[in-house]
Amino acid sequence: MNSSRYFALIPAAGIGARIGADIPKQYMPLAGQPMLMHVLDTFAAAGAISHVFVVVSADDGYIADLMAAAPHLQGRVTLLFHGGATRRDSVLNGLQAIREEVGDDDWVLVHDAARPGLTCALIERLVETLRDDLVGGLLALPVVDTLKRGDQNARVAQTVERAELWAAQTPQMFRYGLLLRALTLAEAVTDEASAVEQLGLQPRLVEGSPRNFKVTLPHDVALAEMFLKEKF
Ligand SMILES: Nc1ccn([C@@H]2O[C@H](COP(=O)(O)OP(=O)(O)OP(=O)(O)O)[C@@H](O)[C@H]2O)c(=O)n1
Ligand SMILES: C[C@](O)(CO)[C@H](O)COP(=O)(O)O
């Protein structure tokens, strides 16, 4: 389906509890601008992306100021005030809200607002690798550390075989119709690929980048700034 378009859907309705900031982490300043702005700028600059949809909470008090400071994003970004109780709910609500704008065979790239290190090159790698794929897939990183399973006393219970393990990143890219069906059926998933897997399908793993890590804990802020300032 070569006439398919590519849309970005950015879940940005979380509260960032684990980072412990006084504002939702997607609005924390990083390298001179809010975390979410880095993500929006990257998708707006990506040639393959037709439009960007951002899911924010219904009572979001920050997005208006962010968009007012970003006239270059006008016309490229649509806000969806449909944040849900979980990331899965926010993504599903967002998909349902764009039903009239997106066709079943169009691709949707779901990307965490909390991964500001995404680059246009990574988006292009994902799109070019999956454009003719029958399922879709995700950016991910092969695990390079030895992994341990701990017991309740923080003692090693088991060393986990890492040879075939990958750490999932985003974007996760699936055709709209498939993704809407998968997420409608799968409630307790932490990523889109898990929902697609529950349909018996095998998403494609596409190598991502360490800079595309998820800003989750307080120490992640300095690391993210390093990547964003150095642009490497
Ligand atoms: N109900 C939710 C929860 C999360 N997210 C989004 O999903 C992405 C990844 O989630 P996570 O890193 O867990 O963000 P938070 O849920 O905000 O963090 P925490 O779990 O520490 O509260 C983030 O961009 C977040 O804004 C969302 O749109 N809706
Ligand atoms: C989607 C994700 O970023 C893939 O690793 C991850 O599952 C999000 O988890 P979170 O707890 O919602 O941050």
Side-chain angles (χ1 to χ4, degrees), residues 8-30 33-43 52-63 66 77-98 108-118 122-123 126 136-143 145 147 165-174 179 182-183 186-198 203-221 223-224:
L9 181 72
I10 314 299
I15 62 170
R18 287 172 284 182
I19 211 164
D22 55 7
I23 62 172
K25 69 180 175 183
Q26 58 271 32
Y27 297 109
M28 291 175 69
L30 286 179
Q33 62 180 18
M35 187 184 305
L36 174 58
M37 184 71 85
H38 289 280
V39 171
L40 298 181
D41 281 345
T42 301
F43 275 108
V52 182
F53 296 98
V54 187
V55 184
V56 297
S57 59
D59 60 355
D60 182 293
Y62 303 91
I63 192 67
L66 183 149
V77 175
T78 296
L79 305 180
L80 306 172
F81 290 86
H82 297 290
T86 65
R87 181 184 177 284
R88 172 266 184 187
D89 291 352
S90 294
V91 173
L92 180 56
N93 292 350
L95 290 172
Q96 291 166 337
I98 63 175
V108 179
L109 288 77
V110 182
H111 184 69
D112 297 329
R115 292 181 186 270
L118 182 68
L122 286 168
I123 294 171
L126 190 67
L138 64 151
L139 291 183
L141 276 186
V143 169
D145 299 310
L147 296 179
L165 294 186
W166 296 61
Q169 296 187 333
T170 65
Q172 305 202 2
M173 175 177 150
F174 299 99
L179 184 55
L183 281 176
E187 293 187 15
V189 290
T190 57
D191 74 343
E192 289 65 55
S194 302
V196 174
E197 293 157 44
Q198 289 185 18
R204 173 87 181 267
L205 292 158
V206 181
E207 184 148 3
S209 168
R211 62 168 292 130
N212 187 36
F213 80 101
K214 184 161 64 74
V215 178
T216 307
L217 301 170
H219 62 252
D220 291 334
V221 174
L223 184 60

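One-based numbering, in listed order, for ligands and for the atoms of each. Note that the structure is predicted; figures quoted are calculated from it, not measured.
Geometrically, ligand 1 and D112 share no nitrogen or oxygen pair separated by less than 3.5 Å. The distance criterion of under 3.5 Å between nitrogen or oxygen atoms is not met by T216 with respect to ligand 1. For ligand 1, the polar-atom distance check against A13 finds a nitrogen or oxygen pair separated by under 3.5 Å.
The closest approach between V55 and ligand 1 stays at or above 4.0 Å for every heavy atom of the residue. Within the structure, the closest approach of G84 to ligand 1 falls below 4.0 Å when heavy atoms are considered.
Not a single donor-acceptor pair under 3.5 Å links the side chain of H111 to the backbone N or O of I10. Between the Q26 side chain and the G14 main chain, a donor and an acceptor come within less than 3.5 Å of each other. Not a single donor-acceptor pair under 3.5 Å links the side chain of R88 to the backbone N or O of A188.
Looking from atom 15 (P) of ligand 1 to the surrounding protein, the closest heavy atom is G16 N, 3.8 Å. In this structure, the protein non-hydrogen atom closest to atom 20 (O) of ligand 1 is R18 NH2, 2.9 Å. The nearest heavy-atom contact from the protein to atom 29 (N) of ligand 1 is S90 OG, 2.8 Å. From the protein, the heavy atom lying nearest to atom 10 (O) of ligand 1 is R87 CD, 4.3 Å. With respect to atom 23 (C) of ligand 1, the closest heavy atom belonging to the protein is P11 O, 3.7 Å. Residue, atom and distance of the protein heavy atom nearest to atom 16 (O) of ligand 1 are G14 CA, 4.1 Å.
V221 is listed as a side-chain neighbour of L30, based on a closest heavy-atom distance under 4.5 Å.
A donor-acceptor contact closer than 3.5 angstrom links the side chains of S194 and D191.
Protein residues having at least one heavy atom under 4.0 Å from any atom of ligand 2 are R18, R87, D112, R115, A168, T170, T190, D191, K214, listed by chain and number.
Using a 4.0 Å cut-off to heavy atoms of K25, the atoms of ligand 1 that qualify are 11 (P), 12 (O), 14 (O), 17 (O), 18 (O). Counting the atoms of ligand 1 from 1 in the order shown, those under 4.0 Å from a heavy atom of I15 are 17 (O), 22 (O). Residue A17 approaches ligand 1 through these ligand atoms, each under 4.0 Å from one of its heavy atoms: 19 (P), 21 (O), 22 (O).
Taking the side chain to side chain contact (heavy atoms under 4.5 Å, CB included) definition, one finds that L141 meets it with Q169, E207, P210, sequence neighbours left out.
Heavy atoms of A113 found under 4.0 angstrom from ligand 1 belong to the backbone as well as the side chain.
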